[in-house]
Amino acid sequence: MKTIKSLIVNVLFLLISAVGMADSGPPPPLENGAPPAPGLPIDGGLVILVVLGLVYGVYKVVSSKKILKA
């Protein structure tokens with residue numbers, strides 16, 4: 001049973017590797033040489049996300065200390 005699983009894993013690995021090698025290359029460069037503009041800005045809600053992460057982290061620390069006290 002172990003050899004069958006090993007064989008299946010090896011075959012899948014080889015197939016996935018073949019798909020990765022068949023991938024096309026990068027797109028051709030633009031005429032004016034400028035890279036394309038990014039799709040979306042990353043700074044839109046980044047501050048809110050960091051603040052919410054900090055609040056959640058503090059909440060988890062406080063709740064774990066309450067559990068350890070009880």
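A quick note: this is a predicted structure, and the numbers were derived from the prediction, not measured.
- Residue Ile48 is tested with Val50, Leu52, Val51 for a side-chain contact (heavy atoms from CB on, under 4.5 Å); the sole match is Leu52.
- Atom CG of Leu14 is surrounded by more than 12 heavy atoms from other residues, nucleotides or ligands within 6.0 Å.
- Chaining together hydrophobic side chains whose heavy atoms lie under 4.5 Å apart places Leu15 alongside Leu7, Val11.
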Side-chain donor-acceptor distances from residues 53-64 under 3.5 Å, at least two apart:
residue	atom	partner	partner atom	Å
Ser63	OG	Tyr59	O	3.1
Ser63	OG	Lys60	O	3.0
Ser64	OG	Lys60	O	3.3
Ser64	OG	Val61	O	2.8

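- Other members of the cluster containing Ile8 are Ile4, Leu12, with ILVMFWY side chains joined at under 4.5 Å, either directly or via other members.
- Residues passing the side-chain contact (heavy atoms from CB on, under 4.5 Å) test with Leu46, sequence neighbours excluded: none.
- Ile16 shares a hydrophobic cluster with no other residue; no ILVMFWY side chain has heavy atoms under 4.5 Å from its own.
- Think of Phe13 as one node in a network of Ile, Leu, Val, Met, Phe, Trp and Tyr side chains linked at under 4.5 Å; it has no links at all.
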